[in-house]
Each structure stands twice: as structure tokens, then as C-alpha cells.
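Read the structure below first, then the notes.
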Amino acid sequence: MSTARPQADREATGPLATVDEIFRALMGSHAPDSDERPDDRLISRMQTARTLLGLGGAVWLVLAYPLSSGREEFVLGKLVELGMACAVLLTGSVLGIIAFLAAGAPDRRRAFARRLAGPLVCVLALALGPAVFWLALATVKGDLVGEVELVDFYSSLLGRGILCSVLSFLTLVIGCLLAIAVLIVSVPYTIVTAYACVTSCFRASDVHQLLPALLSPLLVWSLFVFQLFNGPDVAAPPEVLYTFLLGGPLSVTALSVWEVHRLRTRYGITLRNALGR
């Protein structure tokens, strides 16, 4: 998995956009003001450039050297890394937000609490994929509703007969087809949503601009340790492998340090000011 620098964009994209709009309409938007979250184009360009370089390096490595295992194992390994990235960032985001709420001044705590809509949207959207997948799979297997239950249901309405059997059969077939369709859609939805959550740091920037810069190194160094003990994906020389493995975490960490420095020197955004201390 490419250790791309997670973006700090507030607006949700992809599968999160519709859910985000509905949630904001119901809960209201309490995002940071422009003085706390400036629109710095240079930071955005640097993040985009780092992401493209990381993706380009990953693609070059896979194309230049043979895979250490089969293609299926490689794809499954990337999905495992994506799941691990979600777990690391979700844990880090929760702990970071709790730390901000605990350490902030009373008025800042209330402001941070009102900004939790974005992170909650990410968590709910991510949880929706596996939940829908499980429900669809249970429907296909007949664990939720079986033929006997359907026959009893229609019998209570129409009585025993051919019509009851036909309706039960049609309900089973249509329900099974719909469940299969949902099952197929839920897999790419879950993958895309997980990637969107990772690249947005679970919308932690909605709470404060500094959080994504503080969380990004945690993610990339966790993935570095995982990849180090899990073995290389490609059969490349050690100097190439370790340069690639270290290049991602070091560049993301350097970019995060630079971003924190720029926010402090250019906009006066510091951790002390963020907490109202």
C-alpha cells in the first residue's frame, strides 16, 4: 500500500459525499473558521505531489520487479494493509480527538464537540459497508428469512394454497437476486470508503487543522513496521526495498513537520492556541 500523505480536505468525496450532506443537513455544520483552517494552496499542492510520487513509486516497483507471491496474495495483502490503515487511523483519530477535548479550555471543548459531525460520518459510512455485506450474505444463505417463514407469513394473510406457494417462491427469488446485487456493490463500496477515510484521516481536520498532520506519521510508520515484518511484496534488491520502505514514512513525516511549521509561522496556528491555553 502506498504511504500517501492523507489529505486534510474537509469536504467528503466519493461514497461519503451523499451521506455527509444528509448528516450535515440534520446536524448542522460546525467546521473550523477560516482563521483556524486556512485555505493554503501550497500545502494542498505539496500533499498532492507527495501522493502522486508515492503512487508512482509503488507502481514502478511492482512493474520493475516480479511479485514475491501470486497476484491474489498481493491484492489480498493490499486489502489487509488498507484495513490496518483504517484501524490505526481510527484509533489515532479517536485518541487525538479525546486528547483535544480533555486538554482544551472549556469553550474550546464545546467547539471541538460541535465539530464531530465529519468524523462521525466517516465512521458510520465505513461501518455501513460490512454491515450491509453481512445482511446481504445472510439473506443469500437464508439465515434471515427462509422458505418456511415466508410460507407461514403468506398463509396467515391468504391461507394455504397455490397462490401462497407462488408468492413465497417469487419473494425468495427476488430477495436473493437483490441480496446478490447488494453483496456485489458492498465490496467496492467498502474498499472505496475505507480509502476515503484513510486519505482524509477520518475527517479529523474538522476538529482541528493540526490533527491530520499529527496523525499522518502514526499511520505511515505503523504501515512501515507491518511491511517490515510481513515481508516484501516484490523480489527487489534490499537497497531498493529499504529505500522505498523508508522513503514513504520519512517523506510523510517531513511533510507533516513542514505543515505544522507553516501553520505556526504563517497563520499563527499552534497546539497551545488550538487548546485555548
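Since the model is a prediction, treat every value here as computed from it, not as a measurement.
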Would Val182 end up clustered with Ile174 when hydrophobic side chains under 4.5 Å apart are linked, directly or stepwise?
-> no
Please check if the side chain of Arg115 supplies one atom and the backbone of Val207 the other of a donor-acceptor pair under 3.5 Å.
-> yes
Using a 4.5 Å cut-off on heavy atoms from C-beta on, say whether the side chain of His208 contacts that of Ile97.
-> no
Going by heavy atoms in the side chains, are Ser222 and Val88 under 4.5 Å from each other?
-> yes
Validation row: Phe224, Val220 side chains within 4.5 angstrom (heavy atoms) | no
Whichever hydrophobic residues join Ile180 through chains of side-chain contacts under 4.5 Å = Val140, Ile184
Which atom pair, heavy atoms only, marks the closest approach of Leu245 to Pro249?
-> O-CD, 2.7 Å
If you look only at distance, which donor and acceptor atoms sit under 3.5 Å apart when one is on a side chain in residues 122-134 and the other is two or more places apart or in another chain?
none

Only counting residues at least two apart or in another chain, list the ones meeting side chain to side chain donor-acceptor pair (under 3.5 Å) with Arg264.
-> His261
Taking the side chain as every heavy atom from C-beta outward, state whether Val240 and Val234 have any atom pair closer than 4.5 Å.
-> no
Salt bridge check: are Asp206 and Arg203 linked by an N-O gap of less than 4.0 Å?
-> yes
Is it possible for you to say whether Val192 and Val185 belong to one hydrophobic cluster, with membership spreading through side-chain heavy-atom contacts below 4.5 Å?
-> no
Common cluster, Leu219/Leu79, ILVMFWY with side-chain heavy-atom separation under 4.5 Å = yes
Which atom pair, heavy atoms only, marks the closest approach of Leu210 to Leu263?
-> CD2-CD1, 3.9 Å
Are the side chain of Thr253 and the backbone N or O of Leu250 linked by a donor-acceptor pair below 3.5 Å?
-> no
Distance col, row Leu241:CG vs Leu246:CG, nearest 0.5 angstrom, shows 11.0 Å
Closest heavy-atom contact between Leu215 and Ala204?
-> CD1-CB, 3.9 Å
Looking at CG of Leu89 and CG of Leu218, how far apart are the two atoms once the value is rounded to the nearest 0.5 Å?
-> 7.0 Å
Would you indicate whether the side-chain heavy atoms of Cys86 and Tyr195 approach each other to under 4.5 Å?
-> no
Report yes or no: does Thr193 contribute a side-chain atom to a donor-acceptor pair with the main-chain N or O of Thr190 at less than 3.5 Å?
-> no
Same cluster (ILVMFWY, side-chain, under 4.5 Å), Val198 and Leu52 | no
CG of Leu183 to CG of Leu178: how many Å apart, nearest 0.5 Å?
-> 12.5 Å
Flag side-chain contact, heavy atom, 4.5 Å: Trp258 against Met46 | yes
Separation between SG of Cys201 and CG of Leu90, rounded to the nearest 0.5 Å | 11.5 Å
Between the side chain of Ser256 and the main-chain N/O of Ser216, is any donor-acceptor distance below 3.5 Å?
-> no
Would you mind reporting whether Ser205 and Leu211 have side-chain heavy atoms less than 4.5 Å apart?
-> no
CA sep, side-chain torsions, deciding dist, call: Val94, Phe202, side chain to side chain contact (heavy atoms under 4.5 Å, CB included) | CA-CA 9 Å; Val94 170; Phe202 279 90; over 6 Å; no
Going by heavy atoms in the side chains, are Phe244 and Trp60 under 4.5 Å from each other?
-> no
In plain terms, say whether Glu81 and Lys78 are close enough for a salt bridge, that is, a side-chain N and a carboxylate O under 4.0 Å apart.
-> yes
Are the side chain of Arg262 and the backbone N or O of Ile43 linked by a donor-acceptor pair below 3.5 Å?
-> no
Do Val187 and Leu82 sit in the same hydrophobic cluster, where Ile, Leu, Val, Met, Phe, Trp and Tyr count as joined when their side-chain heavy atoms come under 4.5 Å apart?
-> yes
Of all heavy-atom pairs linking Gly247 and Ser251, the shortest is O-OG, 2.8 Å
